[in-house]
Structure formats: C-alpha cells, structure tokens
Amino acid sequence: MRCFCLNKKEVRVRFAPSPTGYLHIGGARTALYVWLLARKTGGTFILRIEDTDRNRFVPDAVEDIKNSLRWMGLDWDEGPEAGGEVGPYFQSERLEIYKEYSEKLVSEGKAYYCFCTPERLEEMRQNQERSNQPSGYDRHCRDLTQEQVQEYKAQGLNYVIRFKVPLQGKTEVKDELRGKMVFAHETLDDFILLKSDGYPTYHLASVVDDHLMGISHVIRGEEWIVSTPRHFLLYEAFGWEPPAFIHLPIFLSPDGKGKLSKRHGATGVREYREKGYLPEALTNFLLLLGWHPAEDQELFTLEEAKEAFSVERISTSPLSFSLDKLDWYNGVYIRKLSAEELAKRCLPFLQKEGLIPEPCSSQQFDYLVRIIPLVQERIKSLTDITKAVSYFFKEEIDPPAKEMLIPKKVTPEETAVILKEVLAALKEVTDFSEATLEKTLRELAASIGQKPGRVFMPVRIAVTGESATPGLFETLAAIGKPRVIQRLEQAISILG
RNA sequence: GGUCCCAUCGUCUAGUGGCCUAGGACACCGCCCUCUCACGGCGGAGACACGGGUUCGACUCCCGUUGGGACUACCA
C-alpha cells in the first residue's frame with residue numbers, strides 16, 4: 001500500500017537538469033511534476049543546473065531549458081535569474097564545496113584517493129566482461145598507505161576520490177511509490193565522488209546540494225533507482241537525513257523498444273513547439289503520462305492540475321506514449337482559443353511561410369482574425385494553418401487540375417455550364433455576404449435542376465483549389481468578389 | 001553476466017478481496033448531422049501475460065515462470 005505523508009517541514013523541491021542537450025520531453029514531465037508538488041503544497045520550486053560534465057556541455061542548453069520551462073508556464077522561485085539564499089545554482093560554481101566535502105570523507109576514512117589510469121580501468125572492465133564477472137571497480141587503490149598517496153601526489157599523478165563502500169551488509173532505501181528496496185553492498189562498487197578534473201560526479205554533487213539546499217523531496221527519473229543506495233550511503237557518511245525519493249516511470253519509445261530517444265522522432269520540447277503544439281496541450285498530455293486524477297478527467301489547465309495533483313497517484317510502470325493523444329489535446333486547446341489569440345499564435349508560422357509579411361499590418365491581422373474561426377476546428381497544429389488559409393491570402397491560386405473540377409458522373413461540358421451559371425449569378429451579387437451567397441447558389445442549383453452538392457463542389461475547387469474547405473459561403477464571402485470571379489473564370493477556361 | 005524496477009484494451013489508464021458482465025480517454029470502425037472537410041452526437045469492437053497458492057470469494061494478496069525496462073563511465 002502506498003502511503004505518502006508530507007512531513008511537517010516545508011516542501012523544497014528541485015528540477016536539476018544537465019545542460020548536455022535541449023530540454024527533453026521526459027525532463028519536461030519531471031519538471032512539471034516537481035513544479036506541481038511545489039505549487040500544490042505552497043513549497044519552493046528550485047531550478048538547479050547540473051553542469052558538471054565538461055565534455056558534454058552544450059552552450060545554449062541552459063537557455064533552451066529556461067525558455068522551454070517558461071513556455072510551459074513553469075516558473076521557478078530559486079535558481080538562475082531568480083537568485084536565492086542557497087546558491088549558486090550552477091554546480092560548476094560550487095566546486096570548492098564539493099572538494100571540501102569529498103576531502104572531509106577522505107580524512108574520516110570514508111573515501112580515498114585513487115590513482116588508477118583510465119587505461120587500467122578500461123582493461124579491468126574488458127577482463128570482467130570477457131569472464132562474465134560483475135562489473136565494477138576492483139578497489140585497487142582502496143588500501144593505499146599514507147606514504148604511497150603522498151608519493152603519487154608528489155609525482156603529479158592524476159587522482160579521483162572514491163567512496164569507500166562497506167564490504168559487508170546492505171543498504172535499504174525507500175521510494176515513496178515503490179516502498180523499500182534492499183541492495184547488498186557486495187553489488188556496489190567504490191564509485192567516484194570527485195573526478196580528476198576537480199568536478200564532482202552526479203552522486204556527490206546531488207547529495208551535497210540537495211542537503212545544503214534543504215531539498216525535502218527528490219523527484220527524478222526511474223533510471224536513478226539503482227544509484228539510490230549510493231546516495232543513501234553518502235547521506236549516512238555525512239550524517240545527514242535523506243530526503244524523500246520519488247522515481248518517475250521512464251518514457252519508452254513508441255515501438256516499445258528501449259528508452260525514448262532521438263531515433264523515435266521529436267524528443268525536445270522545442271521541437272514540439274516548432275511543430276505547432278500549444279504549451280497547454282503539451283503540459284496536459286505530459287500530466288496524464290504517469291499520473292491520474294482520483295476522478296476521471298482528461299482536460300486540465302495548469303491551475304486545475306495544481307489543485308488535483310498528488311504524488312501518491314503517480315504510476316510506477318514504464319510507459320510508451322503515442323502522439324495521437326497529444327494531437328487530440330492540441331486540437332482541443334486550439335478550439336478553446338479566441339480568434340484573436342489563435343491568430344497571434346499562428347502569425348509566426350504564416351510569416352515563416354511568407355503568406356503574411358513581417359511586420360504584419362493591422363489590416364492583415366484583422367483579416368486573419370476574420371479567417372481564423374473558419375479554420376479553427378479544422379487544424380490540429382499551428383503548422384496546419386499555412387495550408388488551411390493559403391487561398392485566403394494568396395492573390396491567385398495555382399490552377400486546379402481539370403479532373404479535380406469535374407464531379408463524379410458529370411461531364412466536363414456540364415461542369416463548365418454549371419460554373420458559367422454560377423459566374424453569371426455571382427457577378428450580379430452586390431452584397432457578397434454569406435447569407436446572400438447561400439441564397440443565390442441554392443436557388444441557382446434548384447433552377448438548373450442540380451443537386452446542391454453538384455454545384456457547390458466545383459465552385460469550391462475552382463475558388464480554393466481544395467476539396468476540403470470550410471463552408472462554401474463563408475469561404476466565398478471571406479475571399480471576396482473580385483478574386484472569386486477571377487478564379488471562376490480561370491476554372492472555366494481550364495474546362496473549356 | 002550482475003543488481004534493481006515494472007506487468008489491465010493498440011496507447012495512457014481506473015481498479016487497494018465481493019460494487020467487474022473490468023470503467024474512462026486517445027486511436028480505430030459504423031450511424032447521425034451535412035455543400036466537402038472538420039467539429040459535435042450516438043453506438044461498436046477491444047485488456048486483467050502464464051502457473052501455483054491464500055481465501056467462502058481474486059484484476060486486486062503471496063510465490064514462481066515468462067515478458068518488458070533501467071543501471072552496470074573520471075555521463076547525468
């Protein structure tokens with residue numbers, strides 16, 4: 001039975017991404033849950049940048065992470081730009097702290113200097129693999145004497161600091177969702193705390209920082225479960241009380257094979273943004289990926305999620321997600337937007353396609369706002385807007401193919417006659433409004449003895465070049481008489 | 001290989017021993033609405049991995065099997 005009781009002490013939680021790439025969709029889900037827990041409990045949400053890997057550092061990753069979080073509506077109380085009492089919030093600026101704490105463990109005999117070269121380690125690993133032995137450091141330097149250490153240091157050899165894992169016994173760790181897990185010490189090796197470049201490993205840095213920053217709950221991906229005993233061992237070595245741990249189920253690839261990775265399409269939040277997804281849709285989608293409300297409910301604003309969220313309803317099984325649901329959410333939220341708001345959000349996509357100039361005149365924008373309601377329930381992504389409105393903005397459309405203009409079971413000649421009748425009738429219309437156009441065209445169809453559809457379809461294609469469009473009359477009205485006449489004439493000449 | 005985690009419709013999930021003939025959502029199929037497409041409405045198909053226990057009674061508890069996954073770096 002899961003039981004999650006908030007301690008009396010204040011909730012301080014952190015999202016601690018590593019700037020080795022753009023904000024990953026899985027990271028975004030973690031950030032969401034962490035933020036939700038903070039907001040739900042009136043706690044503090046901290047953003048901490050774990051930039052301790054100099055080799056994989058990506059220069060604009062921090063910017064991307066901050067932008068993506070903001071785009072999703074997740075604000076942080078402490079961290080980069082926000083400041084805070086327990087900074088700095090970049091681990092690369094806390095090197096002295098890690099050095100101090102790791103040296104402290106060495107002096108207490110709980111950690112030791114290791115001078116093994118990468119080459120030796122590599123060879124050891126290969127031997128272990130070849131003989132099917134469990135992998136792990138062979139503790140070659142664990143029992144070096146003071147003198148040996150001094151000598152190696154004097155020689156200028158590179159060294160790391162390793163944690164001295166007890167040879168016997170076991171460590172019991174607790175996950176708030178999964179309960180207790182036991183790890184025998186024999187299965188743990190003497191992991192590195194401080195690398196030879198003076199940077200800490202994740203294990204050291206996260207434990208030290210979580211303690212120093214007063215973190216109450218660690219929410220992180222399931223891939224960290226097997227490292228948790230190391231972290232408990234560290235808390236114990238320092239004499240600190242460990243926080244509560246909550247491991248989130250990982251995202252599997254849509255084909256169910258392995259972790260979600262770049263091979264399986266978009267993994268970065270920015271990619272979803274560029275693909276025309278709304279932040280409302282993405283967060284709602286992510287919210288229900290691994291968490292479920294007490295009462296069935298599919299639609300959540302961030303505000304509602306803040307109310308409803310609870311750690312104990314997070315699921316534990318790994319999940320492979322399909323984007324179908326995200327597309328559905330996107331459509332739902334697109335339909336909820338006001339015409340003006342949707343127009344604003346679509347504008348960059350239209351400008352990128354060159355359909356609307358940059359900067360956009362107020363007339364252009366007003367026209368867009370007028371068109372939006374016609375296509376609003378027909379697009380499921382912001383990128384769909386360009387195709388949906390192109391014939392409204394273009395002065396001329398590409399001539400439709402002849403076959404396309406001709407309905408089934410109708411001859412080209414008959415189609416031409418119909419379009420000519422329509423052309424003649426529309427030329428007479430002075431009030432080019434939806435209502436008048438509908439009345440005119442319906443009466444015309446009746447007078448020439450044609451079913452409405454037989455008349456409307458060729459007109460639709462002639463004027464838009466598309467067989468699927470918004471309602472014909474509102475479309476004609478929005479395109480305007482001159483262009484409608486011109487496009488009808490173009491179609492008639494194609495048939496002629 | 002070793003350690004650990006997980007297991008209900010295709011997908012996300014509800015389910016905490018009798019409320020389950022297993023509920024919802026997306027996707028799928030059909031019908032309705034209709035000038036096309038969409039939206040919307042109605043309906044349909046679709047799952048408790050397997051085997052042992054425990055119990056008057058298991059989707060629910062225990063064990064095993066199988067399957068999936070994570071980790072196994074001077075990466076996080």
Side-chain angles (χ1 to χ4, degrees), chain A residues 1-2 16-21 50-53 55-56 114 116-118 121-122 125 128-129 131-137 158-162 173 175 178 181-184 186-189 191-197 199-203 205-206 220-229 247 249-250 252 254 256-259 285 288-299 313 315-329 331 335 375-380 388 438 441-442 445 451-457 459-461 464 466-473:
Chain A
M1 165 131 191
R2 287 179 196 164
S18 173
T20 51
E50 309 221 324
D51 52 348
T52 56
D53 185 341
N55 299 320
R56 295 199 304 155
C114 167
C116 290
T117 62
L121 262 16
E122 180 55 32
R125 215 174 349 257
Q128 288 168 339
E129 202 168 318
S131 55
N132 255 337
Q133 293 293 304
S135 55
Y137 179 57
N158 278 333
Y159 65 87
V160 301
I161 293 180
R162 287 183 184 270
V173 307
D175 175 276
R178 281 161 261 255
M181 295 179 273
V182 182
F183 295 79
E186 305 95 83
T187 66
L188 268 27
D189 73 344
F191 55 98
I192 293 174
L193 299 174
L194 201 70
K195 301 184 254 185
S196 60
D197 62 3
Y199 279 68
T201 59
Y202 171 86
H203 306 302
S206 68
R220 70 210 327 188
E222 186 186 334
E223 65 270 22
W224 290 109
I225 287 183
V226 287
S227 296
T228 310
H247 291 99
I250 54 161
L252 266 24
K257 288 179 187 151
K259 267 210 278 200
F285 175 66
L288 276 314
L289 235 38
W291 177 82
H292 194 274
E295 300 288 322
D296 275 334
Q297 182 179 340
E298 306 294 333
L299 266 23
R313 295 194 64 86
S315 77
T316 49
S317 45
L319 41 117
S320 70
F321 69 82
S322 89
L323 265 11
D324 287 335
K325 191 107 168 219
L326 176 57
D327 287 338
W328 174 71
Y329 276 122
R335 275 171 248 133
V375 300
Q376 188 157 17
E377 63 191 25
R378 294 175 168 80
I379 60 174
K380 64 182 207 302
E438 174 155 16
L441 290 180
R442 285 196 188 280
K451 282 188 192 170
R454 284 277 178 88
V455 175
F456 299 164
M457 206 51 177
V459 174
R460 162 177 289 114
I461 292 165
T464 66
E466 302 284 344
S467 57
T469 74
L472 216 216
F473 318 111

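Throughout, a chain's letter reflects where its sequence line sits, starting with A, and its residues are numbered from 1. Note that the structure is predicted; figures quoted are calculated from it, not measured.
Under 4.0 angstrom from either OP1 or OP2 of B:rU13 there lies at least one side-chain N or O belonging to A:Ser315. An OP1 or OP2 oxygen of B:rG10 is reached within less than 4.0 angstrom by no side-chain nitrogen or oxygen of A:Ser322.
Taking both residues in full, the closest heavy atoms of A:Ile225 and A:Phe183 are given as O-CZ, 4.1 Å, listed atom of the first, atom of the second, then distance.
B:rA14 is unpaired under the criterion used here, namely a Watson-Crick or G-U wobble arrangement in which both key atom distances are under 3.5 Å. Judged by Watson-Crick or G-U wobble contacts below 3.5 Å, the nucleotide B:rA49 has B:rU65 as its partner. In this structure B:rA73 sits in no base pair that meets the Watson-Crick or G-U test at under 3.5 Å.
Residues A:Lys451 and A:Phe456 have side chains not in contact (no heavy-atom distance under 4.5 Å, counting atoms from C-beta outward).
A:Glu466 pairs by the salt bridge (Lys or Arg N to Asp or Glu O under 4.0 Å) definition with A:Lys387, not counting sequence neighbours. When the side-chain contact (heavy atoms from CB on, under 4.5 Å) test is applied to A:Asp175, the partners found at least two apart in sequence or on another chain are A:Leu177, A:Arg178, A:Met181, A:His247. Every residue meeting the salt bridge (Lys or Arg N to Asp or Glu O under 4.0 Å) condition with A:Glu298, not counting sequence neighbours, appears here in chain and number order: A:Lys325. Partners of A:Arg56 by salt bridge (Lys or Arg N to Asp or Glu O under 4.0 Å), not counting sequence neighbours, listed by chain and number: A:Asp53.
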Exercise for review: Summarise protein proximity over nucleotides 71-76 of chain B in one line of letters, 5' to 3': B for base, S for sugar-phosphate only, - for none, counting protein heavy atoms closer than 4.0 Å.
Suggested key: SBSBBB

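Spacing of C1' atoms, B:rA14 relative to B:rC56, comes out at 27 Å, to the nearest Å. Using P as the reference atom, B:rG53 and B:rC71 are 38 Å apart when rounded to the nearest Å. Taking the C1' atoms as reference points, B:rC20 lies 43 Å from B:rG1, given to the whole Å. B:rA45 and B:rA22 are spaced 11 Å apart, taking the P atom of each and rounding to whole Å. Separation of the P atoms belonging to B:rA38 and B:rC61 is 44 Å when rounded to the nearest angstrom. The separation of B:rA49 from B:rA7, taken at their C1' atoms, amounts to 8 Å, rounded to a whole angstrom. When the P atom is compared between B:rG69 and B:rG30, the two are found 35 Å apart, to the nearest whole Å. Remark: the separation of the P atoms in B:rG18 and B:rC59 is 11 Å, to the nearest Å.
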**Study point:** Criterion side chain to side chain contact (heavy atoms under 4.5 Å, CB included) on A:Phe191 and A:Ser227, from CA distance to verdict
**Key:** CA-CA 10 Å; A:Phe191 55 98; A:Ser227 296; over 6 Å; no

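Here B:rC26 is the nucleotide among B:rC35, B:rC12, B:rC26 with the atom lying nearest to any side-chain atom of A:Trp328. When distances are taken from the side chain of A:Asn132 to each of B:rG1, B:rU36, B:rC12, the shortest belongs to B:rG1. Side-chain atoms of A:Leu472 lie closest to B:rC35 of the nucleotides B:rC35, B:rG69, B:rC5. Side chain of A:Ile250, nearest nucleotide from B:rG69, B:rG15, B:rC39: B:rG69.
The base of B:rC37 is paired with the side chain of A:Arg378 by a donor and an acceptor separated by under 3.5 Å.
Computed from coordinates, the A:Asp324 CG to B:rU13 P distance equals 15 Å when rounded to whole Å. The CG atom of A:Leu252 sits 13 Å away from the C1' atom of B:rC12 (whole-angstrom rounding). Residue A:Glu438 contributes atom CD, which lies 12 Å from atom P of B:rU34 at whole-angstrom precision. Rounded to whole Å, atom C1' of B:rG2 lies 18 Å from atom CZ of A:Phe191. A straight line from CG of A:Asp327 to C1' of B:rA25 spans 15 Å, rounded to a whole angstrom. We find that CE of A:Met457 is positioned 7 Å from P of B:rC37, with the value rounded to whole Å. For A:Gln128 and B:rG2, the CD to C1' distance is 11 Å, given to the nearest whole Å. Atom-to-atom, NZ of A:Lys380 to P of B:rC37 comes out at 17 Å; the value is rounded to the nearest Å.
Looking at heavy-atom distances under 4.0 Å, A:Pro249 makes no contact with the nucleic acid at all. Among the heavy atoms of the strands lying under 4.0 Å from A:Phe473 is at least one base atom, whether or not backbone atoms are also near. As judged by a 4.0 angstrom heavy-atom cut-off over every strand, A:Thr469 is placed among the base-contacting residues.
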Enumerate the protein-to-nucleotides 41-43 of chain B contacts in which both atoms are nitrogen or oxygen and the separation is below 3.5 Å.
none

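With RNA chain B read from its 5' end, the first of the two nearest nucleotides for A:Phe321 and A:Ser317 is the one closest to A:Ser317.
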